[in-house]
Amino acid sequence: MFTKILVANRGEIALRVMRTCREMGIASVAVYSDADRKALHTLNADQALYLGASEPAASYLDIEKIIQAARECGAQAVHPGYGFLAENAAFAERCEQEGLVFIGPPSRVIQSLGDKTTAREIMRRGGVPIIPGMIKAESHMDILTAEARQLGYPVLIKAAAGGGGKGMRVVQSETELPDACRQAAAEAQAAFGSGAIYLEKYLKRPRHVEFQILADAHGNVVHLMERECSIQRRHQKIIEETPSPAMTTELRESMGRAAVEAARASGYINAGTVEFLLDEDDNYYFLEVNTRLQVEHPITEMILGMDLVRQQIRIAAGEPLGFTQADIVSRGHAIECRIYGEDPENGFMPSPGKIHFLKEPVGPGIRNDCGVYSGFEVPVEYDPILSKLIVWAEDRDQAIARMRGALSQYIILGVKTPIAFLMEVLASEPFQRGETFTDFIATHFNNWRQPLDEAALAALAYIIYEMAGQRRKKGMVSELAEPNSPWLQLGNWRL
Amino acid sequence: MFTKILVANRGEIALRVMRTCREMGIASVAVYSDADRKALHTLNADQALYLGASEPAASYLDIEKIIQAARECGAQAVHPGYGFLAENAAFAERCEQEGLVFIGPPSRVIQSLGDKTTAREIMRRGGVPIIPGMIKAESHMDILTAEARQLGYPVLIKAAAGGGGKGMRVVQSETELPDACRQAAAEAQAAFGSGAIYLEKYLKRPRHVEFQILADAHGNVVHLMERECSIQRRHQKIIEETPSPAMTTELRESMGRAAVEAARASGYINAGTVEFLLDEDDNYYFLEVNTRLQVEHPITEMILGMDLVRQQIRIAAGEPLGFTQADIVSRGHAIECRIYGEDPENGFMPSPGKIHFLKEPVGPGIRNDCGVYSGFEVPVEYDPILSKLIVWAEDRDQAIARMRGALSQYIILGVKTPIAFLMEVLASEPFQRGETFTDFIATHFNNWRQPLDEAALAALAYIIYEMAGQRRKKGMVSELAEPNSPWLQLGNWRL
Amino acid sequence: MEYKLKIEQTDFSVEVIDQHDRQLNLRLGDGVYEVEYEVVADHWIHMAVNVSGRTGLVNAWVMDGSEGKIIVINGRTYTVQDLDQLTRRVPKGRGANLPDQITPPMPAVVVAVPVAEGERVKKGQAVMVVSAMKMETTLCAPFDGVVAKINATVNDKVAPGQILVEITKDTDLTEDPAGGTNS
Amino acid sequence: MEYKLKIEQTDFSVEVIDQHDRQLNLRLGDGVYEVEYEVVADHWIHMAVNVSGRTGLVNAWVMDGSEGKIIVINGRTYTVQDLDQLTRRVPKGRGANLPDQITPPMPAVVVAVPVAEGERVKKGQAVMVVSAMKMETTLCAPFDGVVAKINATVNDKVAPGQILVEITKDTDLTEDPAGGTNS
């Protein structure tokens, strides 16, 4: 087993990987940029190596700097986390050349699956159902226009090198197409270093259902059940859960088999995720394979009681899985809410800044994978994810109740977050009925505004804090007297 | 189902109960004393009722005040937590008289099992093996002396109304007996309002192994596996785990059957715990039944994925269990460390005071049932328990590694805690080998002192904080410069 | 004593009827609020609120922000401003609300400047592209005109209120109240 | 500049060789420590320590206590005192260390006073029983003598350093260095 692993990432996922390393007795090495000098992953590592300036290209996306750092500290393996270089075949290849173990699939697999059009071709040949659309990237506007006409609007623009919704656009009509393509290509260029895009038929009201797979170097492949990730904003997931409310034992078997097929067809090794779109008639279509640890991997860990990072490291070290599909037994229900630094009342616009106060939710079945702390300055250069709030409970209703409680006790002062928004989504009828489709937010929470029915309480708090503040300054904080009356519950306070 | 429950307790257990109430949509009512005006259970309740002065007799032990409070707020049920009135038959009876549902067994069961001598008699008749000793309480010194001689030293003094090690004393020789009896009786009087004591043969090197049981009002009884609680100081548990390192499938079946027998023999209803002593030849002896939720109940919740408080409430509401012994399947390993406000270098002497800074450990599989916060004044009047740190992992070794990591990131400034002590216990060979007997601490950690091999680091920190402090005052906190060298791991730093 | 508070777009005028140690009586709208409070810890206050017979317990977390106090209650975050103090302060980050100024909607980094000084631009034409947390926003010309000055270049960190591009408006055109930014 | 620090019973004399922004060179014993540090947040500092070629990262949590600074590193808590400051301060809670004074070992509540003023007591005889967090501690007479004064009564809150019972020692006896409390 490795004795030292370099974590080529930042934020909550870097910390997540380091935790497992520590529990396995493996030293973990952090890399950091100027903006992350006081980031948690820098402060909590066994060793920390400086990469360079804050912009990703000069630090977390600089392959040679990271290779250099790994050589310098004598790490035997590199964990890429998600985002940044996690799905960069060139990086994986450089690691292979340097004799560093890349904790993920072989570079050739990343290469072939990373190019979404090649991936679609592999799946088509492997007999996995795919969505109608182009099978190669295209940059000429006239060709794209023709393809779009042929598919029929609405069409979906996707980045060939894409992932995480970056470079994605839904286009309703031909007039929007040129602008959308330009923006998508630019976004893809910025995010992945490649502006290649292609078009797909846009399916209405599908669910996003993905299967976690594990494949070792000895030909053993299993799936770890599904995750439903239909609740998205700007094509980015914000709520994920498992099991999927739409899943049946038969469907799970069929999709799980397809996922394992996809893994075998591509010669997959290590942990990966096969994403599908599931329509209302239980037809499913291959979307893409994410050749890395998913942001939402914790909900799978919660229902299976399994540490996926530990499995990744074991597989990368050449160990066999040691269990079969029959050993995979799930328990209860898990939900994840992504806590982004963004403003849900303003198009989920990013909200970087200093976190003046942070109080994390705690309690049985509550897990918060958090990358920030009171006093931390959230950088403008990186992903807006502050933490991932995950709950487990015995069934879906209890999990929803637990998540609502956890969100309501999660205090973040200094940056905007979608906490209030998420609470309302979880409280909504359609969500509770499990009617979670990818158009959920557009349909039910378009232009959401936070209700002001409790705003009067904020006015009271303002005045009290103002007065108490003055009192504190005067050093007159009075000793405690007795309350004169019992206090009754404010559960559903209305003015 | 109930719509409002009064929680007749304080601290972490009151919060624990309120969490489940909230998730079940039940309003929870806190009661509090002067010392607890700013306690978490008071601040987080849906409703809070003032009881009286800080001394327990005037607040949390005042039956009539609590009955009055329950009437006032219109609660249908009362949850007693552990300690205080949890095992007080008179309180349970008053609730019954008032038509309040007492969330626990019927008063007559508490009565008969609460008196340890009666309980021993019930078990003897029920065919459950018991420890040699007196079957009734005694106050005359000469009779006690005679009994002790007959049993042969060492003997164990126990409070008839006892629990939690209060009023317990090991006596090695006749000369110590009178003083020990006086102190034990006084302690018992203070803790339970009854100074009745009796003597038992003191077994050498036993394990403390207890079985959680659930019994509904419809005659269904199951056990929820064992908990090993052998690591004790002053006869109080500080580390508990499940499964027990000493357990075999056969032994579990046999002891589990005995536990269910004990429950049936006493007409038990609701959640309870049957405590046994287990000797090195796998002989087990009935110790006592705790007719309440145990402090260490979370480790059972972790391996079974079950909310015991929810089960208590369901049973109290008359619902049937809805599952059988065959449905009880455990997963992985769980450990609990009790974080007391006490000084492990000084006979675990209590250490009340103000908590100036608190940083709770977080991460996958980590749960901290905490009753304090930064700025809270830990009262001198009550139990020294600050929080219960619980971890779950796939096996015992991983659970130990996870607990050590969690302890090392648990920061409490202001009161003394056994965190460093617990870290060394978990790191010790005997513990890792599972050689956990009730004499563990006396044998391996007698008069423990914290090692000073890293003290130089504290000296450095002192000077830096001093300088930075001055700098801060001068408002000169400098902007960040670049570090000039990679930093290497300090894992096992030695001077 | 009277407070004129603003929460989102709603005004609240609150009159302090009387106050003694840890207790406060206030009139808000047509309701009278009796409040008992504790300052629990930094940023954290606890209130027992009684209004027209209905009462309840409230935990509130508060911090002083640049635009007023940020207050979190029951999972919701409010920015509460004191109108009296507000008028006395030069508003920060207000620029974004003025339609004819080109300023980023959030702290961001400049990723592209598609125009040059002296260049003639049409209304709605992209004049600068900024990025925050990997989300791109295109700032457009609010009206036809000539680029008078460009105050930021690629990789600059920019903040709301900061004017990135100055455009001399064609006098013959009437001002367009809408837009200014789109993403 | 030199610091004389005391941790538990061990003395550490530390010489500050030189310091510049966020860097510090110190001599401690026969080791020279090069330290780079960050003040991360309240109570929290992060150190990169280099001594004789071996280096490492350390997180330390610090608070100013009544008897020096309380410092937590790697799960261990240290009370670090500056001997120079110490001499200048009237020690608090020191009473417990003096064998011939009757004072509680921790903040506690008096639960019993088994003796009366003017009463003659034997060495080791219980003169007061206090309780903290449900643990009883019996304070005993450190020597034979007569109870001169009792300064606390049942239910009083008492703290270390506070003399609860004053006993006039029998002159013919030599002082006993041990004990003072047992539990």
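Throughout, protein chains are lettered first and strands after them, A, B, ... in sequence-line order, and every chain is numbered starting at 1. Side chains are part of it too, since the values below use all heavy atoms of this structure and drop only hydrogens, waters and symmetry mates.
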[X], part contacting chain B, at a heavy-atom distance under 4.5 Å:
X	value
A:Arg367	side chain
A:Arg19	side chain
A:Asn44	neither
A:Arg310	side chain

For residues A:Glu23 and B:Ala401, report the shortest heavy-atom separation together with the two atoms involved.
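Shortest heavy-atom separation between A:Glu23 and B:Ala401 comes out as O-CB, 3.8 Å.
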Which heavy atom of B:Val329 sits nearest a heavy atom of A:Arg331, and at what distance?
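So the minimum-distance heavy-atom pair works out to O-NH2, 2.9 Å.
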When only pairs under 4.5 Å are counted, which of A:Gly405, A:Pro364, A:Ser28 shares the most heavy-atom pairs with chain B?
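Of the options given, most contacts go to A:Pro364.
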Listed partners of A:Glu394 passing salt bridge (Lys or Arg N to Asp or Glu O under 4.0 Å), at least two apart:
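Testing A:Glu394 for salt bridge (Lys or Arg N to Asp or Glu O under 4.0 Å), a comparison that skips the adjacent residues, returns none.
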Residue selection (most heavy-atom pairs with chain A, distance under 4.5 Å) from B:Arg16, B:Gln398, B:Met24, B:Arg22
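If we count pairs closer than 4.5 Å to chain A, B:Gln398 comes out on top.
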Taking B:Ala45, B:Gly332, B:Gly363 one by one, which has the highest count of heavy-atom pairs under 4.5 Å against chain A?
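It is B:Gly363.
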Can you tell me how far the NZ atom of A:Lys359 sits from the OG atom of B:Ser374, to the nearest 0.5 Å?
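The distance works out to 11.5 Å.
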Chain A contacts: which residues in residues 296-306 of chain B have a non-hydrogen atom closer than 4.5 Å to it?
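At a heavy-atom separation under 4.5 Å, chain A is reached by B:Met302, B:Ile303, B:Leu304, B:Gly305, B:Met306.
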A:Asp307 vs B:Arg402, side-chain contact (heavy atoms from CB on, under 4.5 Å): CA-CA, chis, key distance, verdict
CA-CA 12 Å; A:Asp307 180 340; B:Arg402 183 162 287 177; 4.2 Å; yes
